[in-house]
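First up is the structure itself, then whatever we jot down about it.
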Amino acid sequence: MSFSPDQPLVSSRGLTWQTGAYVDGAAATGDGRYFVLGFGDGTVGVLDLTNADAGLKPHQIHNGGGLSFSAGPSANSFLSGGDDGKVMLITLGREPETLADLKGKWIDHVTAAPATGLSVFASGKSAFVIGKKRNEDPRELKHESSVGGIAVNPKGRRLAVAHYGGVSLWWLAAKDGAPQLLPWKGSHLQTAWSPDGTYVVTAMQENSLHGWRL
């Protein structure tokens, strides 16, 4: 099969919407039926792929702009962070739930660990770990510079936090302790784990990727 850049597959096989707002992130439910997107206007759009022609159904989640979005800690849940300081848990068929509220702060990054049911978000120089018990305060992980990106390893046990000068690796189950630092000069803006959990890779401001083998 040949592909032409002048005729992308989305034009012949896909559907396109003009949302009117910046897309913060997108994820699908575990059964593949729903596709969900977070938008910069503080809404979340839900698309039922069994009736895609009906289009995206918007739901207002934040009192302000949305800044971050990801899949949640369970198969049919999603996380959204906004400039209202709230981390919202969106589960299809239920009312949205506020997991954290840092009044006056921006929630720059959100992610989750389905393997362990934990949720993680970042604001400024700190990352926060939300446990399964809703009555517990999030555990704060402080860094010397602003968090550029967060990612949990496939087993859901370690958190990689990208920042200026490299990556900090934290054990999510630990209540205290210092992180393992993976140093490399420069500004690291995003991070990801390899599927087997043996590599960590960052996207850098210097227009490059950097990786570590653990």
Side-chain angles (χ1 to χ4, degrees), residues 23-39 42-49 57 59-62 66-102 105-123 126-141 143 147-162 167-177 179 190-197 200:
V23 179
D24 297 318
T29 54
D31 59 8
R33 176 175 176 177
Y34 294 96
F35 192 59
V36 186
L37 301 96
F39 296 111
T43 63
V44 166
V46 180
L47 175 66
D48 185 347
L49 294 175
K57 294 184 178 180
H59 301 270
Q60 191 68 43
I61 300 298
H62 296 282
L67 301 175
S68 50
F69 183 84
S70 81
S74 62
N76 295 319
S77 69
F78 306 87
L79 296 174
S80 180
D83 64 9
D84 57 0
K86 292 184 179 181
V87 178
M88 303 298 296
L89 175 67
I90 301 130
T91 305
L92 298 185
R94 302 180 185 177
E95 289 295 318
E97 179 184 356
T98 302
L99 294 185
D101 189 355
L102 303 183
K105 303 286 187 178
W106 287 13
I107 308 302
D108 303 309
H109 309 279
V110 291
T111 192
T116 51
L118 302 177
S119 300
V120 185
F121 68 95
S123 177
S126 294
F128 299 83
V129 181
I130 302 173
K132 297 179 181 180
K133 297 180 180 179
R134 296 290 186 261
N135 58 343
E136 294 181 350
D137 291 333
R139 174 190 171 202
E140 183 176 5
L141 309 175
H143 304 85
V147 174
I150 54 177
V152 180
N153 74 340
K155 292 183 179 180
R157 298 176 181 176
R158 299 193 84 180
L159 172 68
V161 179
V167 170
S168 292
L169 298 182
W170 299 84
W171 289 103
L172 288 174
K175 296 300 182 181
D176 50 23
Q190 293 291 342
T191 186
W193 292 82
S194 63
D196 63 0
V200 174

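Side chains are part of it too, since the values below use all heavy atoms of this structure and drop only hydrogens, waters and symmetry mates.
Note that CG of Leu79 and CG of Leu99 are 6.5 Å apart. Values are rounded to the nearest 0.5 Å. The OG1 atom of Thr98 sits 11.0 Å away from the CD atom of Glu95 when rounded to the nearest 0.5 Å. Between Asp24 atom CG and Leu37 atom CG the span is 9.5 Å, to the nearest 0.5 Å. In this structure, the separation between CH2 on Trp106 and CG on Asp83 is 6.0 Å, given to the nearest 0.5 Å. If you take OG on Ser126 and CZ on Arg139, they are separated by 12.0 Å, rounding to the nearest 0.5 Å.
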Give the intermediate values and the outcome of side-chain contact (heavy atoms from CB on, under 4.5 Å) for residues Leu159 and Leu169. CA-CA 6 Å; Leu159 172 68; Leu169 298 182; over 6 Å; no
Could you check Asp101 against Lys86 for side-chain contact (heavy atoms from CB on, under 4.5 Å), going step by step and ending with a plain yes or no? CA-CA 4 Å; Asp101 189 355; Lys86 292 184 179 181; 3.6 Å; yes
Quick one, Ile130 with Val120, criterion side-chain contact (heavy atoms from CB on, under 4.5 Å). Give me CA distance, side-chain angles, the key distance, then yes/no. CA-CA 6 Å; Ile130 302 173; Val120 185; over 6 Å; no
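Using a 4.5 Å heavy-atom cutoff, the side chains of Glu97 and Thr91 are not in contact. Side-chain contact check for Leu102 versus Ser123: some heavy-atom pair is nearer than 4.5 Å. Looking at heavy atoms from C-beta onward, Val152 lies out of side-chain contact with Leu118 at the 4.5 angstrom threshold. Within the 4.5 Å cutoff, side-chain heavy atoms of Phe39 are placed close to those of Val23. Between Met88 and His62, some side-chain heavy-atom pair lies under the 4.5 Å cut-off. Under the 4.5 Å side-chain criterion, counting only non-hydrogen atoms from C-beta, Phe78 is not in contact with Val44. At least one side-chain heavy atom of Ile90 sits under 4.5 Å from a side-chain heavy atom of Ser80. Contact check for Asp108 versus Val147: no side-chain heavy atoms found under the 4.5 Å cut-off.
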Contacts under 3.5 angstrom, residues 66-74 side chains, donor-acceptor by atom type, not counting sequence neighbours:
unit_1 : atom_1 : unit_2 : atom_2 : d
Ser68  : OG     : Ile107 : O      : 3.1
Ser70  : OG     : Val110 : O      : 3.4
Ser74  : OG     : Ser77  : OG     : 2.9

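The shortest heavy-atom contact between Thr191 and Ala160 is CG2-O, 3.6 Å. Contact detail for Pro179 and Ser168: the closest heavy-atom pair is CB-CB, 4.0 Å.
Of the possible polar contacts, one joining the Asn153 side chain to the Arg158 backbone as a donor-acceptor pair under 3.5 Å is found. Side chain of Trp193 to main chain of Ala151: a donor-acceptor pair is present (N/O by atom type, distance under 3.5 Å, no hydrogens or angles).
Other residues, nucleotides and ligands contribute over 12 non-hydrogen atoms within 6.0 Å of the CG atom of Asp31.
Taking the six-membered ring where the residue is Trp, Phe121 and Phe128 present parallel rings, their angle staying beneath 30° rather than reaching 60°.
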